[in-house]
Amino acid sequence: MCTHGNSDGFLSQIGGENGDEYISRLEKRISQIPQGNCLCYFNGQLAGQLEMKWHESPNVGYVNLFYLRPEYRGAGFGRMLHDKSIDIFHTLGAGSLLLSVGKKNINAKAFYEKLGWHNLGTRSDKPYADFYEFRI
């Protein structure tokens, strides 16, 4: 919804009719960076999710997902997820991080830019999204 404005085709986009391919990718990410793939709770309530993996480029981490439920946005939790991702990849020896964000997701883009991420332009494989980079 945040990336495309609707949920049309979501399951097929993430992989498989029931998300099996997504689950397989997530299991692989968890095996590579267990501390970087987690659900985030506040006062016993699910607040968000963080998913990370290594990018194809050497020493570059990739944040697949920073997600906060709407009621937890604007309260500092996004900054906490961001800082956690930086700490994890710094400890693992990464020099920079990448992520992609939908061009229509103005709030996320403003959030990343406020934290020091730099827009690298449109993804060649996904013209609806931009790459962002954060140097550690």
Side-chain angles (χ1 to χ4, degrees):
M1 289 287 295
C2 294
T3 299
H4 303 288
N6 63 57
S7 61
D8 295 344
F10 176 72
L11 285 177
S12 64
Q13 179 187 356
I14 64 168
E17 283 188 31
N18 58 7
D20 288 346
E21 292 174 36
Y22 168 72
I23 297 299
S24 178
R25 287 192 310 270
L26 186 56
E27 288 172 343
K28 183 178 178 183
R29 290 177 197 148
I30 291 169
S31 72
Q32 292 175 348
I33 307 174
Q35 69 275 39
N37 293 275
C38 55
L39 297 175
C40 308
Y41 291 86
F42 180 72
N43 287 337
Q45 298 295 312
L46 180 63
Q49 184 174 345
L50 179 62
E51 292 181 20
M52 301 179 345
K53 68 177 185 178
W54 284 105
H55 190 264
E56 299 87 33
S57 304
N59 300 321
V60 177
Y62 190 85
V63 180
N64 293 82
L65 183 65
F66 280 126
Y67 178 76
L68 284 175
R69 293 175 57 196
E71 61 268 30
Y72 292 97
R73 296 177 190 163
F77 295 107
R79 177 63 180 238
M80 291 169 64
L81 289 177
H82 168 266
D83 291 349
K84 180 172 180 65
S85 69
I86 301 300
D87 289 345
I88 290 168
F89 275 122
H90 176 73
T91 300
L92 295 173
S96 64
L97 280 71
L98 291 174
L99 60 78
S100 63
V101 61
K103 290 181 177 289
K104 294 180 182 179
N105 197 344
I106 303 302
N107 290 337
K109 292 175 86 164
F111 172 73
Y112 298 135
E113 290 169 10
K114 178 180 156 187
L115 292 174
W117 291 78
H118 300 282
N119 189 334
L120 300 179
T122 302
R123 287 185 59 153
S124 61
D125 61 332
K126 295 181 180 179
Y128 57 83
D130 287 336
F131 263 130
Y132 274 73
E133 178 185 45
F134 186 91
R135 295 202 178 267
I136 299 178

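Values below: all heavy atoms of this structure, side chains included; hydrogens, waters and symmetry mates excluded.
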Are [X] and [Y] joined in one hydrophobic group, where the rule is that I, L, V, M, F, W and Y side chains link up if heavy atoms are under 4.5 Å apart?
X	Y	value
M52	F77	yes
I33	L97	yes
V60	I136	no
L65	F131	no
L50	F42	yes

Q) Ignoring hydrogens and geometry, is there a side-chain-to-backbone donor-acceptor pair from N37 to R29 under 3.5 Å? A) yes

Q.
Treating R73 as the side-chain partner and G78 as the backbone partner, does any N or O pair qualify as donor plus acceptor under 3.5 Å?
A.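 Judged by distance alone, no pair lies under 3.5 Å.
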
Q | Parallel, tilted or perpendicular, as decided by the 30° and 60° cut-offs, for the rings of F66 and W117 | A | perpendicular

Q | Aromatic plane relationship, W54 with F89 - under 30° parallel, 30 to 60° tilted, over 60° perpendicular | A |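 Perpendicular: the ring planes of F89 and W54 meet at over 60°.
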
Which value, rounded to the nearest 0.5 Å, describes the distance between [X] atom [atom1] and [Y] atom [atom2]?
X	Y	atom1	atom2	answer
S31	K28	OG	NZ	8.0 Å
Y112	N107	OH	CG	11.0 Å
L68	F111	CG	CZ	7.5 Å
Q45	R69	CD	CZ	7.0 Å
N64	H55	CG	NE2	10.0 Å
K104	I106	NZ	CD1	10.5 Å

Q. In terms of side-chain heavy atoms, does Y62 have a donor or acceptor partner in E56 at a distance below 3.5 Å?
A.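 Their side chains do not contain a donor-acceptor pair, so the 3.5 Å distance test is not met.
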
Q) Are K53 and E51 within salt-bridge range, i.e. N to O under 4.0 Å? A)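 No, K53 and E51 are not salt-bridged.
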
Show the nearest heavy-atom pair for residues [X] and [Y], with the distance to one decimal.
X	Y	value
Q35	I88	O-CD1, 3.2 Å
A129	S100	CB-CB, 4.4 Å
G102	K109	O-CD, 3.8 Å
A108	V101	CB-CG2, 3.7 Å

Q) Do L98 and L120 pass the side-chain contact (heavy atoms from CB on, under 4.5 Å) test, and can you show the C-alpha distance, the side-chain angles, and the key distance before you say yes or no? A) CA-CA 10 Å; L98 291 174; L120 300 179; 3.8 Å; yes

Q: Output, in order, the C-alpha distance, side-chain angles, deciding distance and verdict of side-chain contact (heavy atoms from CB on, under 4.5 Å) for M80 and K84.
A: CA-CA 6 Å; M80 291 169 64; K84 180 172 180 65; over 6 Å; no

Q) For the ring pair F134 and H82, is the centre-to-centre distance below 6.0 Å? A) yes

